[in-house]
Protein chains: 2
Amino acid sequence: MKSLAKALLVMDLLVSKNEEMSVTEISNTLEMPKGTVHRILASLVKYKYARQDHETKKYGLGIRFYMMQSPLDRFKALRAVMNPLMRELYLKCKETVSAASLMDDEIEYIERFESEMLLRVSIRVGTRFPAHCTATGKVLLSALSDAELTQLYKSRGRLKKCTETSVTSMRELKKSLEKVREQGYARDREETLIGVNCMASPIYNLKGEMVAAISISGPRERMTPEKVAELMPLLQETTAKISQELGAPNIDAAPAGKLAHSAKS
Amino acid sequence: MKSLAKALLVMDLLVSKNEEMSVTEISNTLEMPKGTVHRILASLVKYKYARQDHETKKYGLGIRFYMMQSPLDRFKALRAVMNPLMRELYLKCKETVSAASLMDDEIEYIERFESEMLLRVSIRVGTRFPAHCTATGKVLLSALSDAELTQLYKSRGRLKKCTETSVTSMRELKKSLEKVREQGYARDREETLIGVNCMASPIYNLKGEMVAAISISGPRERMTPEKVAELMPLLQETTAKISQELGAPNIDAAPAGKLAHSAKS
DNA sequence: CATGGTTGTTCCAAATTGTGGAATAGCGTT
DNA sequence: AACGCTATTCCACAATTTGGAACAACCATG
């Protein structure tokens, strides 16, 4: 199989270099015509074995490779995919856009674009919050089964109350998560911090596991119900695009997928 | 590219299943004719993206995939490849055959077939020895550059003397390693343990890095110079075969390759 | 021991598919 | 504006993949 052989050689090269390469670079190294290399790359990209940087036009390894690497590399790949689409979303809404994933019963922010408004939500990468009182957290928890959820909170007693509006009982939380599952997104009205409203939507990887969630957060005065309703399609469009880039299956089918085990480090 | 697409689908399936599958199994799942699946698998095997278990005839992921996984998985894959060929060697020489890799200035045994003779060398997986006074260790150290070697031993003072014949000075060691590089193998005469002789030969991975070494060890009385000379071709044949299965480049060209960084855990 | 039902593997004519040089388009620099 | 550099598209030729069917090898079962 000649065509397959050539494609595998291209993959080999990308694996061994482990950095992005241009079409001509590959073409020269492997002594293949540019047209051929390009066609191969297009197919590899289609099946997520390679990916093209839309800015530099260079090609690198795709998510299918990162999926089987260490959790650390996986996060790196995830961030690389999220970054440009999060920036796009930020430019549209001008509020702080952030991404987080679940670490035990907390969420940890892994990427963000901070609003430049005078009054804004300021979040640093690495920051953690209790999952149960953030929109992002509720989205991430919604991927857990009832059993997993009770397991997670079994030795933790009553839920910490961040603000007056935080949910504090397991029953309330479960009911809330039920709604999140139906809607496919979560909101929080000053549950994390007084004066801050937030909305979040999930990201799935190519196995259909929820790996992170993206949120828009801003001050109560700007994040009115109307504004949230206006931004929600944009947010969901963004998370859908990211999920798609990650190779997630059935884009609009009912989620209810498993939550990917998050890394400790 | 239809043929590539199909091949990638086969790979996808192997990745997601993460266990060996038969041709018909794949053929049914993907609804492709058996002939096509077989042809694709043959090509994937050729380029180390898949491998066939010669006993069960089933196909699984190849070393190219394991190469980019966590060090732990890499060791698992390495052992899977070494095991049958080490057994073969053991059956031919009836002496203890073992494999070890370098961990700092020690070697750690990662696989072994123990002789069933009354007087035999008994080694457990996980055991460690100072690298400088074992044949295996000398082989592994021979892949290091002069700079790396001094770096490794810089804060360790005089080399530990295992037996009377052990090398103890850095100068002696370097001279000894020079010889190992020339020969492509190492021997030790009661340098680790009084009464025990040993011979070792290196294994390279598909990047040309030395990842482990295999040794035959036995009591001085049986491991005479003549016996060693008789067994050496068998040992080298075995390590060559393993290296080849791992996809090592230029089988008989001058090694002088880098030593792969070994895992800590 | 033969038989039926598995499996993996091989074969080959038909035609669909990949080929790769050359043309095009797009981008940044001179 | 013209140049040199990319990535990308195009297309007629032909080499390649295709996949059904035949084969071989194995293992239960009758």
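It should be emphasised that the depicted structure is a prediction, and the values quoted were computed from it without experimental measurement.
Looking at residues two or more places apart in sequence or on another chain, you find no salt bridge (Lys or Arg N to Asp or Glu O under 4.0 Å) involving R87(B). Taking the side chain to side chain donor-acceptor pair (under 3.5 Å) definition, one finds that N28(A) meets it with nothing, sequence neighbours left out. Listed by chain and residue number, E114(A) satisfy the salt bridge (Lys or Arg N to Asp or Glu O under 4.0 Å) test with R120(A) (two or more places apart in sequence, or in another chain). Take K241(B) and apply the salt bridge (Lys or Arg N to Asp or Glu O under 4.0 Å) test, not counting sequence neighbours, and it matches E88(B), E237(B). Y59(A) meets the side chain to side chain donor-acceptor pair (under 3.5 Å) test with Q52(A); sequence neighbours excluded.
A 6.0 Å sphere centred on CD of E19(A) holds more than 12 heavy atoms belonging to other residues, nucleotides or ligands. Atom NZ of K227(A) is surrounded by more than 12 heavy atoms from other residues, nucleotides or ligands within 6.0 Å.
Heavy atoms only, all atoms of each residue included: A100(B) and T136(B) are closest at CB-CG2, 3.8 Å. Among all heavy-atom pairs drawn from L4(A) and S43(B), the shortest one is CD1-CB, 3.7 Å. Here the closest heavy-atom approach between residue I63(A) and residue V81(A) is recorded as CD1-CG2, 4.3 Å. A pairwise comparison of heavy atoms in L206(A) and L246(A) identifies CB-O, 3.1 Å as the closest pair. Shown here for I26(A) and M21(A), the closest heavy-atom pair between the two residues is CG1-CB, 3.8 Å.
In DNA chain D, runs of at least 3 consecutive Watson-Crick or G-U pairs, each pair with both distances below 3.5 Å, span C:4-27 with D:4-27.
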Close N/O contacts between protein and nucleotides 23-26 of chain D (under 3.5 Å):
none

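M1(B) has its side chain within reach of S3(A): a pair of non-hydrogen atoms, C-beta onward, lies under 4.5 Å apart. Here the side chains of I110(B) and M82(B) are in contact, with some heavy-atom distance below 4.5 Å. Using a 4.5 Å cut-off on side-chain heavy atoms (C-beta onward), Y49(B) and M11(A) make contact.
Sequence neighbours left out, not one pair with a member in residues 49-58 of chain A passes salt bridge (Lys or Arg N to Asp or Glu O under 4.0 Å).
For the segment residues 5-24 of chain B, the set of residues with a heavy atom within less than 4.0 Å of an atom of DNA chain C comprises S22(B), V23(B), T24(B), in numerical order. DNA chain C lies under 4.0 Å from at least one heavy atom of each of the following residues of residues 30-43 of chain B: K34(B), G35(B), H38(B). If you check residues 49-59 of chain A against DNA chain D, the residues with a heavy atom closer than 4.0 Å are Q52(A), K57(A), Y59(A), listed by number.
Bounding nucleotides for the chain B contact on DNA chain C, 5' to 3', at a heavy-atom distance below 4.0 Å, are dT7(C) to dT19(C).
Remark: the backbone N or O of Y185(A) is not paired with any side-chain donor or acceptor of S201(A) at under 3.5 angstrom.
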